[in-house]
Number of protein chains: 2
Amino acid sequence: MRSCSAMQLTELSETHRPTLDQALDAIRTRAYWSPHPEHPKAYTGDGKAAFDALLGHRLELGQPGTDDWTGGEVSPYGIELGVTYPHPDPDVLLPAMSAATGAWRDAGPETRALVCLEILARISARTPEFAHAVMHTSGQAFMMAFQAGGPHAQDRGLEAVAYAYAEQARTPAVADWSKPQGKREPQQLRKTFTAAGRGIALLIGCNTFPTWNGYPGLFASLATGNPVLVKPHPRAVLPLALTVQVAREVLAETGFDPNLVALAAERPGEGIAKSLAVRPEIRIIDYTGSTAFGDWLEANARQAQVYTEKAGVNTVVVDSTDDYRGMLSNLAFSLSLYSGQMCTTPQNLLIPAAGITTEDGPRSYDEVVADLAAAVAGLLGDDARANALLGALVNPDVKARLDAAAELGEVALPSREIAHPEFPAAVVRTPAIVKLDGARKHWDTADAEAAYLSECFGPVSFAVAVDSTRSALDLLRRTVREKGAMTVGAYTTSPDVERAIEEVCIEECAQLSLNLTGGVYVNQTAAFSDFHGSGGNPAANAALCDGAFVANRFRVLEVRRQA
Amino acid sequence: MRSCSAMQLTELSETHRPTLDQALDAIRTRAYWSPHPEHPKAYTGDGKAAFDALLGHRLELGQPGTDDWTGGEVSPYGIELGVTYPHPDPDVLLPAMSAATGAWRDAGPETRALVCLEILARISARTPEFAHAVMHTSGQAFMMAFQAGGPHAQDRGLEAVAYAYAEQARTPAVADWSKPQGKREPQQLRKTFTAAGRGIALLIGCNTFPTWNGYPGLFASLATGNPVLVKPHPRAVLPLALTVQVAREVLAETGFDPNLVALAAERPGEGIAKSLAVRPEIRIIDYTGSTAFGDWLEANARQAQVYTEKAGVNTVVVDSTDDYRGMLSNLAFSLSLYSGQMCTTPQNLLIPAAGITTEDGPRSYDEVVADLAAAVAGLLGDDARANALLGALVNPDVKARLDAAAELGEVALPSREIAHPEFPAAVVRTPAIVKLDGARKHWDTADAEAAYLSECFGPVSFAVAVDSTRSALDLLRRTVREKGAMTVGAYTTSPDVERAIEEVCIEECAQLSLNLTGGVYVNQTAAFSDFHGSGGNPAANAALCDGAFVANRFRVLEVRRQA
């Protein structure tokens, strides 16, 4: 196989090295930066037409070891995608992937990074097409699918490439070592250092954010020298299959073996992730999904480095504010976005039963809840706007949980069904707010199974009345420690309370957003600046993205020679 | 508790920041560097007198939760140390350690690094005393105990501090983030980032290199904000107990809680490591020792990040050389040093049955083995020199294995017992070389339990006759893959063979030393330049020291606020 030619490398470097350098700078300063525009107008091409052209066809990837074609995605908006994908015979595909490793390792960290940036650039150019693919698998509304599934996901992929490159570049390729020996000749050695991947990486994708949650692991593994087998969620194959297609195309064009990236689509109910995860060739696993399967992977895929993002219970502590309207509208948006189907959506709003203070005086617990309900109702009062914010429920389980939540307590805001003019089959529901009693005497003792101590994934939030802000912090601590959290939010005007909340979050390893009242929401993180998760509480064993996320995906092998 | 005062910090910074900067530079260039002199003349103080003053006394550490005093170390040189150490009640000691965490975390990465460097500087000043403590617990000869247990161990500790600091300093403490919003006001956030340790770290020490193998984990954990509980090997408590003593002294003097570092000595046969390892407070474990217990820790201490160095089988491939004498004397030294009781000592010497080529023409397998035997016998012919190189056997198991090895094949070099004039009770034995048949037909099939496929820890090496260098590489690959290896050595004048050996080592994740014929030996690695182990084969799941060794000992917690 020919490797990346010098000319190609020069071209890749001219095109992408400045971007890589900017990314390296951004992860160091953590100032705002992104090379991927958020606005659809920045992109050319008819994404809808490109997406439509895929429907009803095989997605050819040219993979070895394809023993069947499978597919069956039905959009949460009602469309049957009808796309079929290669089903792998792992006994053929995995050896082919392993065989691709050597030249990829020998290419070195910089070339690997540049090839990854070329893959991301081509994905970026097809953002409008990916937007439709993400929308019709996740149920996200179009603009969110465009941004979160396009530029934001690409940012997270690029961030992982930057971390991977920086980590590998910490050790030089060659070092001359000369140890003085007094009057004798110094001891001299020439040392070479090679970053080598651990083996095949398995990416197990999720339904709700196939690209955003998939790209960090995919690009971290690929950039550190590992082939990547992509096992998408069976209801969200298309965005990752297109990703694999682009990656294989770029790898082949740059002289590498396209089998460095391959797709593993599964038959209905096959559960292929479980058998792939414990194969000896699989040395790295990235997973986003249920706690049950994440825990299973951590316990059983012992031959692999396992990075998991699982369920958590996110809390917002409401103590006091000097911008009550800003708080309400910020929270209303956070609860509504993608119908609360984000791993970062606040679930438990802890509000003192005695009420809170605001710039306009005190507000009782009931008033705060009613005002928040009104803010949500106002935000989603217009059906077109509601549809643009909410998207569709991703699967029937979410609707079932939403319907059951009304039984858990007094419903402060009932969920409303909204018709989608373009996609009548879509199930679109506004978030419900349910009042619960979080008095300490209860949660401290018998009600470990209290509703607010389990993840209720979807458009349901609990307005939990707590004895005091102190009780809220105790409950926050217990929730993060036992259930995990991807996000914590808090509103307070008291420096003491602020310090106390910070302390809980730092001690329990949760990421905190304080007093957000503008256009940044607790459930959104920005690549290159914000960490997604902490890797230190039960919701996830890794953060996106830091050194720990990339450093153990490769090993450095040293050869030392008498000089 | 008072924290490190500004004045103290300035002093610490003036004293140690230049050293930290040099260490940071060294791990980047991997050129030779060390701030710790190797020669005893560089140190002052009567180490022997200081060591003697410890014998027969309690080592007071002022730890809370001490429910007993225990000890019973007997030097491999025959001295009963008679030192007793605090035995912990973990239910008292662990909470006290956890309580020390907050101020240590708040001090930040630089202050933590500077305090660690002060601890290392005080240990360095007491190197002569530590040398005796290491000698009389490990059985190392004095000069080796001095160097490996002193400056080299301190180098590895400092290296871990440098990696820990660099890893934490990748993220700034504060970042201002401003995202343009077209014609509207930009979104602005102020973000703070705090590196926080995971919890209490447990260091499980080993008998042979209590400081060298202990310092990397100890200092990596401490520098990343974790309290460290030191559980030494019951036969090698003193060097780590002195380390704990120094650490507690420095922590207290710099205004921190001394309980950030504590000792857990155990009663004979208590096996305290097993119960400590699974306690929920323990979030990090560093372990050096048997594969059986290392595997147990990895499988059972699931609440912790577990770093293990276990057993391996080290190979030297002998294909050809242009410096036959240099090769023989280099190998003879490697086999003899500390009676082969190093995790890095070559065990299997793979030599083609048809012989090898040298600058003086071919040498048959029998001649090579005989010449190597003669080289070892010559090196150790003088008893005084032999005692200075060999040290004492660390425990009776080593002697038993050595005696049994003579039954495994034809003995090319019998082990010789050497009297120690100063310490008549010491068991000093020269290495044995045993000839084995490694023909492919055997090891490929039924003899998975062949002698050379198990670690035979101690002064036993196998001269394995292989069909060809190709067969040697196949056996090397199988050995590393199945049994692990801390080191691989090779001698060849053929560029093709060299490339093939490199390929095997890189693919199987083993560190390779090529054609060493001078004063650097395959079993010695230099901090700041050489990696000890790769973390990618069964001998160890981590390398000393790289980013992966430190990056997951802490998490970064972000607080973002509306700006």
Side-chain angles (χ1 to χ4, degrees), chain A residues 27-32 101-102 105 166-167 170-172 175-181 186-187 189 191 193-194 196 198 298-299 302 502-503 505-507 509-520 526 529-531 534-536 543 546-548 551-552 555-562, chain B residues 27-32 101-102 105 166-167 170-172 175-181 186-187 189 191 193-194 196 198 298-299 302 502-503 505-507 509-520 526 529-531 534-536 543 546-548 551-552 555-562:
Chain A
I27 61 175
R28 194 178 55 71
T29 65
R30 307 201 83 79
Y32 171 77
T101 307
R105 177 192 69 227
E167 195 65 35
R170 291 175 83 162
T171 307
D176 287 314
W177 183 88
S178 178
K179 180 177 178 180
Q181 298 292 300
Q187 291 174 351
L189 296 175
K191 304 178 179 188
F193 300 93
T194 303
R198 284 189 168 271
E298 291 172 16
R302 302 286 309 285
E502 278 192 79
E503 191 176 289
C505 288
I506 288 174
E507 288 179 3
C509 273
Q511 309 295 17
L512 173 63
S513 297
L514 263 171
N515 295 324
L516 297 186
T517 52
V520 176
S529 184
D530 295 321
F531 293 105
S534 76
D546 62 10
N552 226 345
R555 301 284 71 212
V556 177
L557 287 318
E558 176 182 355
V559 180
R560 52 183 194 170
R561 295 172 169 81
Q562 203 86 36
Chain B
I27 61 175
R28 195 179 54 72
T29 67
R30 307 201 83 78
Y32 171 77
T101 308
R105 177 193 68 228
E167 195 66 33
R170 290 175 85 162
T171 307
D176 287 313
W177 183 87
S178 177
K179 181 176 177 180
Q181 299 291 301
Q187 291 174 351
L189 295 176
K191 304 178 179 190
F193 300 94
T194 304
R198 284 188 167 272
E298 291 172 18
R302 302 286 308 288
E502 279 192 79
E503 191 176 289
C505 288
I506 289 174
E507 288 180 3
C509 274
Q511 307 296 16
L512 173 63
S513 296
L514 263 171
N515 296 322
L516 297 187
T517 53
V520 176
S529 184
D530 295 322
F531 293 105
S534 76
D546 62 9
N552 226 345
R555 302 282 73 213
V556 177
L557 288 317
E558 176 182 353
V559 180
R560 51 182 193 169
R561 294 171 168 81
Q562 203 87 34

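Residue numbering restarts at 1 for every chain, and letters A, B, ... go by the order of the sequence lines.
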Q. Is B:Arg555 paired with A:Asp546 through a side-chain N to carboxylate O contact shorter than 4.0 Å?
A. yes
(Q) Please classify the contact of A:Lys179 with chain B as side chain, backbone, both or neither, using a heavy-atom distance under 4.5 Å. (A) both
Q) Got a second to check how far B:Glu558's CD is from A:Ser513's OG, nearest 0.5 Å? A) 7.0 Å
**Q.** Non-neighbouring partners of B:Ser534 that pass side-chain contact (heavy atoms from CB on, under 4.5 Å), sequence neighbours left out
**A.** A:Leu557, B:Cys509, B:Gln511, B:Asn537
Q) Hey, what do you get for OG1 (A:Thr171) to CZ (B:Arg28), rounding to the nearest 0.5 Å? A) 11.5 Å
Q: For B:Arg105, check salt bridge (Lys or Arg N to Asp or Glu O under 4.0 Å) against everything at least two apart and list the hits.
A: none
Q. For B:Glu298, does its backbone N or O pair with a side-chain atom of A:Arg302 as donor and acceptor, under 3.5 Å?
A. yes
Q | Closest-packed option against chain B by number of heavy-atom pairs under 4.5 Å, given A:Ala543, A:Gly102, A:Ala510, A:Ala196 | A | A:Ala510
Q.
Please rank A:Ile506, A:Asn515, A:Asp176 by heavy-atom pairs under 4.5 Å with chain B and give me the top one.
A. A:Ile506
Q) Between CG of B:Asp530 and CH2 of A:Trp177, what distance do you get to the nearest 0.5 Å? A) 7.0 Å
Q) Given a strict heavy-atom distance threshold of 4.5 Å, which part of A:Ala31 is in contact with chain B: side chain, backbone, both, or neither? A) both
Q) Could you state the interatomic distance from CZ (A:Arg560) to CZ (B:Arg30), rounded to the nearest 0.5 Å? A) 12.0 Å
**Q.** Heavy-atom contact with chain B under 4.5 Å, split by part of A:Arg198
**A.** side chain
Q.
If we define contacts as heavy-atom pairs under 4.5 Å, which of B:Thr101, B:Thr29, B:Thr194, B:Val556 has the most with chain A?
A. B:Val556
Q.
Which atoms of A:Thr517 are under 4.5 Å from chain B, going by heavy atoms: the side chain, the backbone, both sets, or neither?
A. both
(Q) Using 0.5 Å steps for rounding, measure from the NZ atom of A:Lys191 to the CG atom of B:Leu512. (A) 13.0 Å
Q.
Out of B:Ala166, B:Pro186, B:Gly547, return the one with the most heavy atom pairs under 4.5 angstrom to chain A.
A. B:Gly547
Q) Counting heavy-atom pairs under 4.5 Å to chain B, which of A:Ala551, A:Ser529, A:Gly536 comes out on top? A) A:Ser529
(Q) Between A:Ala548, A:Gly519, A:Gly518, who has the most heavy-atom pairs with chain B when the cutoff is under 4.5 Å? (A) A:Ala548
Q) Using a cut-off of under 4.5 Å for heavy-atom pairs, which of B:Glu507, B:Glu503, B:Glu502 has the most such pairs with chain A? A) B:Glu502
Q) Using non-hydrogen atoms only, which part of A:Ala299 is less than 4.5 Å away from chain B: side chain, backbone, both, or neither? A) both
